[in-house]
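This report concerns only the one structure given below.
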Amino acid sequence: MKNTPHINQTADIAQTILLPGDPLRAKFIADNFLSDVRQFNSVRNILGFTGNYNGKPISVMATGMGNPSIAIYSYELINFFGVKNLIRVGSCGAIQKNINLFDIILAMGSCSDSNYAAQFKLLGNIAPIASWPLLNTAYKTSEKLGINPHVGNVLSSDIFYGEDMQDTLNFGKFGVLAVEMESNALYLNAARYNANALCILTVSDNLITHQETTADERQTAFTTMMKLALETAIQL
Ligand code: HPA
């Protein structure tokens with residue numbers, strides 16, 4: 001069992017991990033979808049669990065909110081714990097009129113206003129993208145489950161309460177589907193350190209129509225996304 005600055009390991013970690021932002025979501029997934037559950041982390045209440053889904057070991061751990069937080073956890077999971085497949089499951093705000101509450105988005109690409117990529121000293125811009133095998137598997141699985149996801153670009157922003165929300169909406173002019181706060185660092189770390197990543201999102205609000213979901217509604221919608229993520233995970 002290993003110890004890193006942010007993970008004090010108390011059980012095995014599977015090669016494939018689901019990554020919600022919220023620690024209680026991680027616990028909810030473990031309690032409701034996995035069998036034979038062991039907790040592997042509790043440092044800073046970033047709860048992590050490993051269990052079985054359809055006989056396959058799957059882990060789930062929270063990431064906290066924002067690119068810096070998911071950057072820390074994905075870095076440690078990939079580089080110190082050998083995790084290969086990282087699937088973020090989160091919520092997002094749609095920035096297209098025609099995207100409805102509870103719709104599911106598969107983030108093919110991840111734009112950002114974050115500075116995380118600057119450390120890699122690339123002479124130009126990198127386009128952080130989902131792993132194709134994961135995206136392809138998730139898309140095919142969604143078809144089987146009767147889910148009709150949007151597939152495309154998202155904005156992974158460092159800003160939730162912005163001075164000028166038009167800055168976010170401008171990305172919509174380029175077909176960007178929604179805004180969230182974690183996929184950019186996740187995709188960059190996966191690319192840089194040889195792992196596979198995908199971000200699956202449920203639309204919890206629409207920044208153009210100002211529609212919002214209630215906490216109860218989000219719980220139900222979340223269940224659909226979890227099923228998609230888990231059915232995808234066991235095929236990897
Ligand atoms: N901004 C960023 N992240 C989000 C949002 C949002 O409006 N909604 C859900 N996650």
Side-chain angles (χ1 to χ4, degrees), residues 18-29 46 60-74 86-117 128-130 138 142 147 149-190 197-226 228-229:
L18 269 45
L19 300 171
D22 177 358
L24 294 181
R25 277 278 153 82
K27 184 166 167 27
F28 178 89
I29 295 163
I46 293 290
V60 54
M61 188 178 93
T63 64
M65 288 183 283
N67 281 300
S69 190
I70 198 168
I72 289 170
Y73 294 107
S74 58
L86 299 92
I87 303 178
R88 162 165 153 71
V89 283
S91 62
C92 65
I95 55 172
Q96 299 290 339
K97 262 206 312 277
N98 65 329
I99 297 185
N100 297 314
L101 298 184
F102 310 116
D103 281 4
I104 289 194
I105 293 177
L106 303 178
M108 182 159 68
S110 175
C111 312
S112 197
D113 54 29
S114 154
N115 205 35
Y116 187 70
I129 56 170
S142 69
I147 301 166
H150 304 269
V151 184
N153 230 339
V154 300
L155 169 62
S156 189
S157 179
D158 281 354
I159 298 154
F160 187 89
Y161 295 111
E163 197 66 29
D164 184 352
M165 286 321 284
Q166 190 57 45
D167 296 344
T168 299
L169 298 179
N170 283 340
F171 281 85
K173 297 175 191 170
F174 292 81
V176 174
L177 304 172
V179 56
E180 54 83 69
M181 306 184 77
E182 291 82 16
S183 59
N184 189 260
L186 175 65
Y187 285 5
L188 286 167
N189 275 356
L198 174 66
C199 173
I200 307 179
L201 300 163
T202 301
V203 176
S204 62
D205 49 280
N206 186 309
L207 274 59
I208 298 171
T209 62
H210 303 291
Q211 291 171 296
E212 282 177 10
T213 52
T214 64
D216 274 1
E217 287 171 335
R218 280 200 290 278
Q219 193 71 58
T220 319
F222 187 74
T223 303
T224 309
M225 176 168 62
M226 281 324 311
L228 173 58

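Atoms within a ligand are numbered from 1 in the order they appear, just like the ligands themselves. Values below: all heavy atoms of this structure, side chains included; hydrogens, waters and symmetry mates excluded. The first residue of the sequence shown is numbered 1, and numbering continues consecutively from there.
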Practice task
For S156 and S112, indicate whether the former's side chain and the latter's backbone hold a donor-acceptor pair under 3.5 Å.
Solution key: no
Handout entry: Ligand-side contact atoms (ligand 1) for residue partner G93, heavy atom cut-off under 4.0 Å
Key = 5 (C), 8 (N), 9 (C)
Practice task
Report the nearest protein non-hydrogen atom to atom 4 (C) of ligand 1: residue, atom name, distance rounded to 0.1 Å.
Solution key: V179 O, 3.7 Å
Exercise for the section: May I ask you to list the atoms of ligand 1 that are less than 4.0 angstrom from any heavy atom of L207? Expected result: 7 (O)
Practice task
List every atom of ligand 1 that sits less than 4.0 Å from any heavy atom of D205, numbering the atoms from 1 in the order shown and giving each element.
Solution key: 7 (O), 8 (N), 9 (C)
Exercise for the section: May I ask you to list the atoms of ligand 1 that are less than 4.0 angstrom from any heavy atom of S204? Expected result: 8 (N), 9 (C)
Problem - Q96 side chain to V176 backbone, donor-acceptor under 3.5 Å - result: yes
Problem - Under 3.5 Å donor-acceptor, T202 side chain and F102 backbone - result: no
Practice task
Indicate the atoms forming the closest heavy-atom contact of V203 with A94, along with that distance.
Solution key: CG1-CB, 3.9 Å
Exercise for the section: Side-chain contact test, heavy atoms from C-beta onward, threshold under 4.5 Å: evaluate it for N189 versus Y116 and give yes or no. Expected result: yes
Exercise for the section: Take atom CD of Q166 as the centre, draw a 6.0 Å sphere, and report whether it contains more than 12 heavy atoms from other residues, nucleotides or ligands. Expected result: yes
Handout entry: ligand 1 atoms in contact with S91 (distance to a heavy atom under 4.0 Å)
Key = 9 (C), 10 (N)
Fill in the blank from the handout: Residue, atom and distance of the protein heavy atom nearest atom 6 (C) of ligand 1 read F160 CE1, 3.7 Å
Practice task
With heavy atoms under 4.0 Å as the rule, classify the contact between C92 and ligand 1 as side chain, backbone, both or neither.
Solution key: backbone
